Participant: 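Once you've had a glance at the structure underneath, I'll fire off some questions.
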Protein chains: 2
Amino acid sequence: MGRKRVTIEDVARAAGVSRQTVSRAINDLGEISSQTRARVLRIAEEMGYRPSSIARGLATRRTGTLGLVIPDVANPFFSDVVRGAEHVAHAQGYNVFLCNTDEDPERELAVLHSLEEKRVDGVVLCSSRLDDGKLHAVVASHSAVVLVNRDLEPASGEAAVGVVMLDDVSGGRMATQHLLDGGHRAVGFLSGPPASRSGRCRAEGYRAALAASGVSHNPAWTAPCPADVDGGHRAATELLTAHPELTALVCYNDLVAVGALRACADLGRRVPADLAVVGFDDILLAALVTPPLTTCRVARYDLGAQAMQLLLNRIAGCPAEEGPTQWERRSEEGDGHRSLCAEVVLRPELIVRATAP
Amino acid sequence: MGRKRVTIEDVARAAGVSRQTVSRAINDLGEISSQTRARVLRIAEEMGYRPSSIARGLATRRTGTLGLVIPDVANPFFSDVVRGAEHVAHAQGYNVFLCNTDEDPERELAVLHSLEEKRVDGVVLCSSRLDDGKLHAVVASHSAVVLVNRDLEPASGEAAVGVVMLDDVSGGRMATQHLLDGGHRAVGFLSGPPASRSGRCRAEGYRAALAASGVSHNPAWTAPCPADVDGGHRAATELLTAHPELTALVCYNDLVAVGALRACADLGRRVPADLAVVGFDDILLAALVTPPLTTCRVARYDLGAQAMQLLLNRIAGCPAEEGPTQWERRSEEGDGHRSLCAEVVLRPELIVRATAP
DNA sequence: CTGTTAGCGCTTTCAT
DNA sequence: ATGAAAGCGCTAACAG
């Protein structure tokens with residue numbers, strides 16, 4: 001394996017032309033007779049020539065690769081985001097570096113630096129845990145950045161960063177309202193990791209819904225937890241034991257909700273008769289557990305796809321050193337230029353199943 | 001964002017040294033006084049210097065990136081493989097390009113070519129759907145390749161390729177035997193995609209178990225299906241309708257098994273009373289559906305981790321043009337050199353839950 | 001220990 | 001329509 005690589009020089013020599021001509025042929029730039037081009041391409045093909053995108057990257061300052069930074073591929077939420085993002089990127093001829101941060105800000109910074117060294121043409125950064133200062137530095141050092149599920153005030157002189165957000169406040173309100181509509185008054189909330197913006201926004205929506213219905217809000221009914229089945233299981237067990245008065249639970253995500261279901265089974269509380277449960281995300285699992293989970297669905301694939309599309313728009317539309325002006329203007333024009341606006345907001349949708357009918 | 005990048009030249013000038021000295025400092029190669037190194041590093045840091053790994057790649061012919069090719073990230077099986085592989089790669093300073101093939105051989109070939117152009121240092125290729133000829137070509141054109149769940153006879157003059165396999169024949173036998181032990185004689189098999197090696201091997205194990213127990217094998221009891229819940233649902237519905245005599249079902253994977261569970265619910269057949277079901281993989285979902293799934297667990301994270309470790313060993317251990325000799329010898333020496341052997345086999349483990357007690 | 005000279009394989013710019 | 005020269009940012013191989 002791996003004998004000496006064929007270079008453009010080799011092909012040029014074999015075809016009896018200059019390297020430039022070969023370059024023109026493989027890049028399909030017009031200035032070449034279709035005869036020579038066909039001949040060169042055939043010879044290149046025969047020799048198994050594979051142009052080095054790394055040499056090409058050095059010369060053009062474009063690598064044709066993008067970074068996609070997420071907390072964890074194994075989280076079904078993000079694996080769908082990845083699919084959406086990759087699909088869009090590949091469709092336009094880009095490759096993507098997938099980077100996990102494991103929710104660790106140090107690791108996040110490390111992968112971002114690594115992407116910078118790789119000279120990626122742009123980055124989609126999901127659920128960043130970086131503080132505003134560090135995040136500004138990151139944005140400044142990459143040629144294009146789109147943030148998913150994380151806001152950032154543009155610093156002065158900085159092009160507005162692309163942003164794709166979930167309307168989590170609405171989501172939290174929606175989920176809670178559904179329970180209130182069902183007659184529940186003692187509604188708890190498992191809020192997920194304290195560092196999660198989604199968690200905080202959903203909590204805000206939860207409180208807003210309670211307030212709007214004139215239901216008093218008991219802070220002791222809210223508890224943080226790790227964002228997985230085990231975390232939900234433990235937190236729900238504790239919360240339900242400490243506050244047996246609760247008749248309903250809004251959960252940070254479906255994994256946590258499934259953990260809560262397990263806790264109910266352990267504690268002998270029937271769902272939904274004794275306790276109603278609402279999750280978030282609508283992962284595959286949600287429809288398949290017993291009883292099937294009522295949940296707030298988020299269009300995860302679209303989230304990734306839109307973020308990537310936004311990034312590609314910015315890469316294509318901001319050819320050189322153009323300032324943020326055009327972007328800000330566009331995004332204020334309304335919906336006509338959806339593909340060019342700098343902020344996208346996705347609204348969740350309540351899927352009513354058996355855990356909170 | 002993205003003003004002019006700082007180059008090694010800029011740093012050299014600012015520090016009043018040559019580029020080479022800067023290079024020595026950042027690469028921590030001995031031949032430099034610790035004073036100058038410290039000073040250079042400080043200046044580089046201050047200037048926000050980020051060495052271009054693409055220029056470096058051109059010069060060194062090593063990119064520090066690896067390819068990981070899988071059918072689909074959103075498949076929970078592969079997302080765990082990805083985690084294992086990435087963890088090992090990152091621990092040794094490599095980045096990985098993740099590529100989905102969507103089980104499409106054309107796309108698989110395309111991503112492999114793209115990785116070749118990117119000059120990755122090696123590739124882990126999972127569940128390749130390529131025929132032997134094309135696969136040999138792929139192996140020949142990459143500097144190091146590890147195959148997961150796909151075998152390949154080494155061609156003459158070719159270094160043996162690294163291989164990590166699941167013992168799927170054992171798995172199929174194990175699952176079937178468990179059902180036979182439970183008294184079942186009419187055992188069906190949903191064999192997954194015809195192109196899947198795992199599917200074929202599990203089928204082989206299934207038939208072997210039947211034969212070993214002297215149970216006659218009815219080919220009509222085996223049916224292929226797409227490897228997801230829906231595929232399982234449809235195939236199980238058809239199979240159980242056409243052959244109501246079946247009392248047990250071995251399923252290609254857990255997703256298919258969950259589909260079969262759904263089909264049973266539709267058809268009014270209780271599980272496990274009327275139909276016993278065994279799945280494969282033990283994904284998260286398996287323990288959480290009702291009733292919890294009996295399944296053959298595969299150490300997915302380990303699968304990815306071992307494959308990547310094997311790849312890194314081959315990259316490190318095969319410095320130049322050394323032939324396959326050393327490898328073949330090592331792998332025959334036994335288990336002492338596990339980290340250097342060229343083939344790893346992982347055995348699945350039966351997890352008995354409620355669908356086939 | 002430090003600097004100099006050549007590339008790595010491609011594209012760009014300018015001739016022809 | 002084609003070719004020649006220069007350079008992208010870094011390291012390898014020598015000198016000193």
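Nothing here was measured: the structure is a model prediction, and the numbers come from that model. A, B, ... follow the sequence lines: proteins, then strands. Residue 1 opens every chain.
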Participant: Does a side-chain N or O from B/Ser23 land closer than 4.0 Å to OP1 or OP2 of D/dT11, or not?
Facilitator: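 Yes, within the criterion.
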Participant: Taking only side-chain nitrogens and oxygens of A/Ser18, does any of them come within less than 4.0 Å of OP1 or OP2 of D/dG3?
Facilitator: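 Yes.
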Participant: Is any side-chain N or O of A/Thr36 closer than 4.0 Å to OP1 or OP2 of D/dT2?
Facilitator: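 A/Thr36 to D/dT2 OP1/OP2: side-chain N or O found under 4.0 Å.
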Participant: Please give, in whole Å, the distance from C/dT12 C1' to A/Arg62 CZ?
Facilitator: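 Between C1' of C/dT12 and CZ of A/Arg62: 15 Å.
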Participant: Test for a donor-acceptor pair under 3.5 Å between the base of C/dT12 and the side chain of A/Gln20, counting only N and O atoms.
Facilitator: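 Side chain to base: pair found, below 3.5 Å.
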Participant: Return the value, rounded to whole Å, for the distance between atom CZ of B/Arg13 and atom P of C/dT2.
Facilitator: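 Rounded to the whole Å, the gap is 20 Å.
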Participant: Taking only side-chain N and O atoms of A/Ser33, does any of them lie within less than 4.0 angstrom of OP1 or OP2 on D/dT2?
Facilitator: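 Answer yes for this pair, as a side-chain N or O of A/Ser33 is under 4.0 Å from OP1 or OP2.
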Participant: Using whole Å, what does the distance between atom P of nucleotide D/dG9 and atom CG of B/Asp10 come to?
Facilitator: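 For the pair B/Asp10 CG and D/dG9 P, the rounded distance is 9 Å.
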Participant: Are B/Glu103 and B/Arg129 close enough for a salt bridge, meaning some N to O gap below 4.0 Å?
Facilitator: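 Counted as a salt bridge, because a side-chain N and a carboxylate O are separated by less than 4.0 Å.
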Participant: Return the 5'-most residue of the pair B/Ala55, B/Arg24 with respect to DNA chain D, ranking by each residue's nearest nucleotide.
Facilitator: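 Its nearest nucleotide lies further toward 5', so the answer is B/Ala55.
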Participant: Does a nitrogen or oxygen in the side chain of B/Arg119 sit under 4.0 Å from OP1 or OP2 of C/dC8?
Facilitator: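 No.
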Participant: Which heavy atom in A/Arg56 sits nearest to a heavy atom in A/Pro51, and how many Å separate them?
Facilitator: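 Nearest pair, atom of A/Arg56 first, then A/Pro51: NH2-CB, 3.6 Å.
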Participant: Among C/dT11, C/dC8, D/dA1, which nucleotide sits nearest the side chain of B/Leu58?
Facilitator: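 From the listed options, C/dC8 comes nearest.
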Participant: Does a side-chain N-to-carboxylate-O contact under 4.0 Å join A/Glu117 and B/Arg50?
Facilitator: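 Salt bridge between A/Glu117 and B/Arg50, a charged N being under 4.0 Å from a carboxylate O: no.
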Participant: Which pair of heavy atoms, one from B/Ala85 and one from B/Met308, lies closest together, and at what distance?
Facilitator: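 That closest heavy-atom pairing would be O-CG, 3.3 Å.
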Participant: Could you state the atom-to-atom distance from CZ of A/Arg50 to P of C/dC8 in whole Å?
Facilitator: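 Checked: the CZ to P distance equals 22 Å.
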Participant: Does some side-chain heavy atom of A/Leu66 sit less than 4.5 Å from a side-chain heavy atom of A/Phe97?
Facilitator: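 No, their side chains stay 4.5 Å or more apart.
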Participant: Atom CZ of B/Arg19 and atom P of D/dA13: how far apart are they, to the nearest Å?
Facilitator: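 Answer to the nearest Å: 16 Å.
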Participant: Please determine whether a side-chain nitrogen or oxygen atom of B/Thr7 lies at a distance below 4.0 Å from atom OP1 or OP2 of D/dC8.
Facilitator: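 The answer is no; no side-chain N or O of B/Thr7 sits under 4.0 Å from OP1 or OP2.
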Participant: Which nucleotide in the set D/dG9, D/dG3, D/dA12 lies at the smallest distance from any side-chain heavy atom of A/Thr21?
Facilitator: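 Of D/dG9, D/dG3, D/dA12, D/dG3 is nearest to the side chain of A/Thr21.
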Participant: Which of these nucleotides, C/dG3, D/dC10, D/dC8, is closest to any side-chain atom of B/Ala59?
Facilitator: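 Of C/dG3, D/dC10, D/dC8, D/dC10 is nearest to the side chain of B/Ala59.
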Participant: Between D/dT2 atom C1' and A/Ile8 atom CD1, what is the distance in whole Å?
Facilitator: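 Going from A/Ile8 (CD1) to D/dT2 (C1'), I get 14 Å.
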Participant: Expressed in angstrom and rounded to an integer, what is the separation of B/Arg56 atom CZ from C/dC10 atom P?
Facilitator: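 Rounded to whole Å, this separation is 21 Å.
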Participant: Given atom CZ of A/Arg5 and atom P of C/dC10, what is their separation to the nearest angstrom?
Facilitator: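 Between P of C/dC10 and CZ of A/Arg5: 10 Å.
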